[in-house]
Amino acid sequence: MEFGASSRVLNPNQRSLFNPISSYHKSIGLFCSYNPHHPSNVSFHISAANSRRDCICKAIVKDNSIKSEKGKRMPGEYSHDFELTSLTALSPLDGRYWSKVKDLAPYMSEYGLIHFRVLVEIKWLLKLSQIPEVTEVPQFSKEAQSYLQGLVDGFSMSDALEVKNIEKVTNHDVKAVEYFLKQKCQSHPEIAKVLEFFHFACTSEDINNLAHALMLKEAMNTVIFPVMDELIKVICNMAKDNAHIAMLSRTHGQPASPTTLGKEMAIFAVRLSRERQDISQVEIMGKFAGAVGNYNAHLIAYPDINWPQIAEEFVKSLGLSFNPYVTQIETHDYMAKLFHGIIQFNNILIDFDRDIWSYISVGYFKQITKAGEIGSSTMPHKVNPIDFENSEGNLGKANGGLSHLSMKLPISRWQRDLTDSTVLRNMGEGLGHSLLAYKSSLQGIAKLQVNEACLSEDLNQSWEVLAEPIQTVMRRYGVPEPYEKLKELTRGRAVTRESIREFIEGLELPKEAKTNLLNLTPHTYVGAAIELARAVERAVNLVNGFKALGNDG
């Protein structure tokens, strides 16, 4: 199960809109003039081109008030002429990191929001045509259905810009979509007869909540889940490949009972997979109940229709779960649950990043160098663990945004306020920083090379860790004060192989038990770690594959 079967797939033309930065970012032309000594003298001029490929954003800053030391105005002016590019974008997601997160743009951008609004409006008109009691909207011919579906499948950047131009007049983004569709369909003789049934009995939030739900579902299923799954699989491979490599554990930063490198990686694979599965169980909800959730207008227009049932059928037809008890807005509780799940996945990955960083620091991993890369501008020898540091930093940034979303969105005054609207526009930021972090971790893992010599040397210097098995065997065979005797032998003292063997030889133990202890080394005292690491795939259920988000219905 994914977040349900995908309700739509981008065609190649739509996907190509988001490949080069100029295709997505040159959508608005902006001119700004500002005099710092006259703050009110600020003007913005926005223009949108008709072509999705020829849109320019410019910011020009002019300062005519530069003065000399004596306070005299200097001749000339100081100006910068900027276009929106990777160098001038305010958000690093839209600038420096665009190439790594652009796959989210078709779903989480303003373009994506408009596209899904168009989809919902058209699907609703088609649904109305299937309700026998709504005689004013007869069943559409196959040709008319194909025409309407073509508006969804062929939706382009030019279409989105056209909607934005309409919005400049309406100052209402959802109404602009309705007017756009009426314009597109007024030349079609069959659909033109029912133009006023676009947006029939809808409040804007009927359209918006479904659009946001589809944005999340498609972004998670198409972009986020595949990278999460890749990360889990790569860590699983780390667990299996290194299942047998003994490693000194550290609890409280001090040497502790040995484990294996693979088993420690298996822990993270299982933790991440559990959270990934929990996220996939979140029901992506939708409402379609009118202005305050009671179908008031619906029942006035058509009192004999079971509108709650119609709404449920419609929402489920989009691959979403139906929320029957709402105000003007869908309550956003599922979003809070989803974002909390992603936050927890990210927290686990932060734990992984920090552990790998530490293992690199003590020499357990080497990093494969790349020709031309520089670790430090002044220390030539350095190969810094920058991928894991970048991942950790972006996971923190993602969690900050997602935490605000999850705490704010379920709260709305009375039947609604508008605070959720602007906040919802930032969903892509949290997902974007998460995606960037996942890719950074993957990039870092690909550079890792196990330094078995260092791992082995640490174990050779830590014979004191055998105090645990020795005193445990002593307990079994009734040797008095086993813990106290091992404490006296090991605590605050240098412990060597020889001192351990001498201690064991002096114990009154059965011959077999004594022989087993004499054969024990820090390298072999790893318990079931090897078997646990090798069985990791069963624990994360890779055989059956991961689930995705949404309604199966």
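Each residue takes its place number in the sequence, starting with 1.
A centroid separation of less than 6.0 Å is found between the aromatic rings of Phe288 and Trp124.
Distance alone, capped at 3.5 Å, places no donor-acceptor pair between the Ser146 side chain and the Lys142 backbone. Not a single donor-acceptor pair under 3.5 Å links the side chain of Gln328 to the backbone N or O of Gln415. In this structure, His332 contributes its side chain and Met335 its backbone to no donor-acceptor pair below 3.5 Å. Checked by atom type and distance alone, the side chain of Asn306 pairs as donor or acceptor with a backbone atom of Gln309 at under 3.5 Å. Judged by distance alone, the side chain of Thr422 and the main-chain N or O of Thr419 form no donor-acceptor pair under 3.5 Å.
With sequence neighbours left out, Glu167 forms a side-chain hydrogen bond (donor to acceptor under 3.5 Å, both in side chains) with Lys164. Not a single ring pair (Phe, Tyr, Trp, His ring centres under 6.0 Å) links His404 to another residue, sequence neighbours left out. Checked against ring pair (Phe, Tyr, Trp, His ring centres under 6.0 Å), Tyr302 has the following partners two or more places apart in sequence or in another chain: Phe200. Evaluation of the ring pair (Phe, Tyr, Trp, His ring centres under 6.0 Å) rule for Tyr147 yields His188 as partners, not counting sequence neighbours. A search for ring pair (Phe, Tyr, Trp, His ring centres under 6.0 Å) contacts involving His340 returns nothing, not counting sequence neighbours. Residues that satisfy the side chain to side chain contact (heavy atoms under 4.5 Å, CB included) test with Val163, not counting sequence neighbours, are Ile114, Ala176, Val177, Phe180. Contacts of Asp173 classified as salt bridge (Lys or Arg N to Asp or Glu O under 4.0 Å), with partners at least two apart in sequence or in another chain: Arg117, Arg425.
Taking OH from Tyr111 and CZ from Phe116, the interatomic distance works out to 9.5 Å, rounded to the nearest 0.5 Å. Distance check, rounded to the nearest 0.5 Å: OH of Tyr334 to CG of Leu409 gives 9.5 Å. To the nearest 0.5 angstrom, Gln344 atom CD is 5.0 Å from Glu275 atom CD. Remark: Phe155 CZ to Lys184 NZ distance equals 9.0 Å, nearest 0.5 Å.
Screening residues 191-200 for side-chain hydrogen bond (donor to acceptor under 3.5 Å, both in side chains), with sequence neighbours left out, gives Glu121-His199, Lys182-Glu196. Within the structure, salt bridge (charged side-chain N to carboxylate O under 4.0 Å, His left out) pairs that include any residue of residues 331-342 do not occur (at least two apart or interchain). Applying the side-chain hydrogen bond (donor to acceptor under 3.5 Å, both in side chains) test to pairs two or more places apart or on separate chains, those with a residue in residues 284-296 are Asp206-Lys287. Note on residues 125-137: pairs passing salt bridge (charged side-chain N to carboxylate O under 4.0 Å, His left out), not counting sequence neighbours, are Lys127-Glu313.
Under 3.5 Å, the side chains of Lys397 and Asn394 contain no donor-acceptor pair of N or O atoms. Using modelled atom types and a 3.5 Å distance limit, the side chains of Glu83 and Thr88 yield no donor-acceptor pair. For Ser321 and Glu283, the side-chain atoms include at least one donor-acceptor pair closer than 3.5 Å. Side-chain atoms of Glu205 and Asn208 form a donor-acceptor pair, as typed in the model, at a separation below 3.5 Å.
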Ignoring hydrogens and angles, write down the donor-acceptor pairs under 3.5 Å from the side chains of residues 346-354, residues two or more places apart or on other chains.
from, atom 1, to, atom 2, distance (Å)
Asn346, OD1, Tyr438, OH, 2.6
Asn346, ND2, Asn399, OD1, 3.0
Asn346, ND2, Ser434, OG, 3.1
Asn347, OD1, Asn399, ND2, 3.1
Asp351, OD2, Arg271, NH1, 2.9
Asp353, OD1, Ser441, OG, 2.9
Asp353, OD2, Ser391, OG, 2.6
Arg354, NE, Glu392, OE2, 2.8
Arg354, NH2, Glu392, OE2, 3.0

Determine, step by step, whether Asp420 and Lys408 satisfy the salt bridge (charged side-chain N to carboxylate O under 4.0 Å, His left out) criterion, reporting the C-alpha distance in whole Å, the side-chain angles of both residues, the deciding distance to 0.1 Å, and the verdict.
-> CA-CA 8 Å; Asp420 66 326; Lys408 187 272 153 301; over 6 Å; no
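In summary, Glu230 and Lys233 do not engage in a salt bridge, as defined by a charged side-chain N under 4.0 Å from a carboxylate O.
Closest approach of Leu442 and Val234 over heavy atoms only: CD2-CG2, 3.8 Å.
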